[in-house]
Amino acid sequence: MLLFIMRCVTLVFAVILIGCTSDAQDAVKAQPIYDANPSHLWNRVHAAQLCRVGPDGKTYGEDRLEPLLWMHSEHLLRGKSFEDAIAVLDEFDREGGESLIEAPLKKAILQRDLWLVANWLTQKPDTEEKQRLQTALAKVIRRLALSSEQIEKLPDSYAMAVAAKVVSSRFDAAQPERSYLPTQLFDAEGPWVCIGRSDGLIAPQHLREDSSSPFTNSVFLILLKLPAGRAATLEFLLQLESFDQPYLIANPNEKSRRSIPLLPNAALPIWPKGSEVALVRRAMLIDSKGKIVASPITESIQLRVMRTETPVPSSAMFNIEKARGNWAFFEFQFRRTDLLGPSPIGLRDVSADRDFKTGFMSHPSDGFDEAPQPTKPFPLGSQPFDNNRASCIGCHQLPGLYSFNSLAGFQFGRLQISRDKSAREIGPFQFKAASLPEIEAAAVQWKETQASWKRFGALANR
Ligand code: HEC
């Protein structure tokens, strides 16, 4: 009997031990991003903030665009994850962890990641744990800060990706899912026109701090390329600006009017087949003076290429099956292992990858604690789309310009007007060609006025 009890006790201990070590190892096992030694302080800081162990015992989040944190997440704010996060940040601060690694790019990436976590925290209710974590993050973020001159000299992951020539630079209409990354995106006189607004921020939805995204420390750029080149694209912007009719009109078809009350005005200038449009996201950093600075690090590029001519607007455009042929969608994201490794490729095509949905317009529930699709096993239940590409059509199903979500009234694949505006008041739009520095300055200025920065900036500046 005694032997039996002892065996049981040993078994229980063994289970506890395996559980802990697999947990602890999983957290530390995270890919050695900053140093070959997985227990290097920087790797441990990275793992404690970004890695999560799923109900299946596997580690996730080692090297993805954003932390695995959602609006309702309690992760990092209680229990072991909180204690681990604080312990390793305090160790970094105590030991002066910044001196362990010199490379400015590594400092920039770690600071960016910690700031994303801190930005998410600003939207959480005030608690003692939040306060402690925020303060600990702010100290390390300050220690990692580069001078604005160093930030300016950081490499651009997009330029790296173009130079690496891993994927084709041309869209292939015969193989619309074949990876391609256009060149010359940021060339001031090249075929791509960077779009600015004289009446506000570009990509305001991606930067909305309320329920839109917890990760708003980025500059977004929108770039457009009509097949006939720069002059044609500039001409299109002028036509759009001088368009003096309503953008949306009442659906003339009585039968479909109930479900689709509005249609785009057929007189709007259109994008021809083959038009390409890009949404580029670049990292903001906090410099050694505590100021927000736009960095050259490209975090992601989303691309759409028009595969059809623009039809005369009708309710048929809203048929989702028909809409599948309208666009080719792509998404490129940076990966730390690529960027910091020996042969950097800068950006990776993640269009066909299945992933969790975080950040912009994601579900608020924490994908590790409460799957948005609970009938499916983890991680599938927490990954709402078959792949990244499959997510795009939900908001960009309409053909051509009618999917240009930057036009208020055309957003999210629905045509709608806000309650305080009539269709006639939508437009004209103040779009104009802009330079990269202009867009960066506007985004930084915007961020400085946001609640997240008002709350966290004071700590990061101290
Ligand atoms: C939840 C809705 C949503 C999803 C899903 C979505 N987008 Fe968008 N997208 C938007 C909105 C809204 C804008 C307008 C910019 C803003 O205001 O932030 C936009 C802007 C863009 C732009 C810039 C041109 C424009 O339309 O304004 C591109 C390019 C783009 N998205 C590509 C993609 C790709 C590729 C995917 C899939 C990987 C995707 N989007 C998924 C909502 C979405």
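Counting starts at 1 for both ligands and their atoms, in listed order. None of these values were measured; they are calculated from a predicted model.
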Exercise. Q302 to ligand 1: N or O pair under 3.5 Å?
Worked result: yes
Exercise. Is it true that the NZ or CZ of R52 lies under 6.0 Å from the centre of F368's six-membered ring and within 45 degrees of the ring axis?
Worked result: yes
For this session: Measure from the ring center of F356 to the ring center of F385 and say whether it is less than 6.0 Å.
Result: no
Exercise. Would the H396 and W327 ring centres measure less than 6.0 Å apart?
Worked result: no
Problem set entry | Intermediate values then yes/no, ring pair (Phe, Tyr, Trp, His ring centres under 6.0 Å), F431 and F236 | CA-CA 10 Å; F431 291 129; F236 164 81; 8.9 Å; no
Exercise. Would a distance-only check, ignoring hydrogens and angles, find a side-chain to backbone donor-acceptor pair under 3.5 Å from S157 to T298?
Worked result: yes
For this session: Could you list the atoms of ligand 1 found under 4.0 angstrom from a heavy atom of N388?
Result: 38 (C)
Exercise. Hey, which atoms in ligand 1 end up nearer than 4.0 Å to a heavy atom of A278?
Worked result: 29 (C)
Exercise. For ligand 1, which part of L303 has a heavy atom less than 4.0 Å away: the side chain, the backbone, both, or neither?
Worked result: backbone
Problem set entry | For M361, the ligand 1 atoms whose distance to one of its heavy atoms is below 4.0 Å | 1 (C)
Problem set entry | Identity of the nearest option to atom 3 (C) of ligand 1, non-hydrogen atoms only, from S300, S213, C395, C392 | C395
For this session: Heavy-atom contacts with S391 under 4.0 Å: which atoms of ligand 1 show up? List them by number with element.
Result: 5 (C), 37 (C)
For this session: Give the numbers and elements of all ligand 1 atoms closer than 4.0 Å to a heavy atom of F330.
Result: 35 (C)
Exercise. Quick one: does K357 get an N or O within less than 3.5 Å of an N or O on ligand 1?
Worked result: no
Problem set entry | Ion pair check, R281 and E299, cut-off under 4.0 Å | yes
Problem set entry | Atoms of ligand 1 close to L279 [distance to a heavy atom under 4.0 angstrom, numbered from 1] | 21 (C), 22 (C), 23 (C), 28 (C), 29 (C)
For this session: Might you work through the side chain to side chain contact (heavy atoms under 4.5 Å, CB included) test for K107 and W42, ending with a clear yes or no?
Result: CA-CA 10 Å; K107 289 191 175 171; W42 283 49; 3.6 Å; yes
For this session: Please name the atom of H396, restricted to N, O or S, that is closest to atom 8 (Fe) of ligand 1.
Result: NE2
Exercise. For ligand 1, which atoms, with element, lie under 4.0 Å from some heavy atom of E331?
Worked result: 38 (C)
For this session: Kindly check if the number of other-residue, nucleotide or ligand heavy atoms within 6.0 Å of CD (E152) is above 12?
Result: no
Exercise. With a cut-off of 4.0 Å, which atoms of ligand 1 are near a heavy atom of S403?
Worked result: 26 (O)
Exercise. Can we call the ring centroids of W192 and F186 under 6.0 Å apart?
Worked result: no
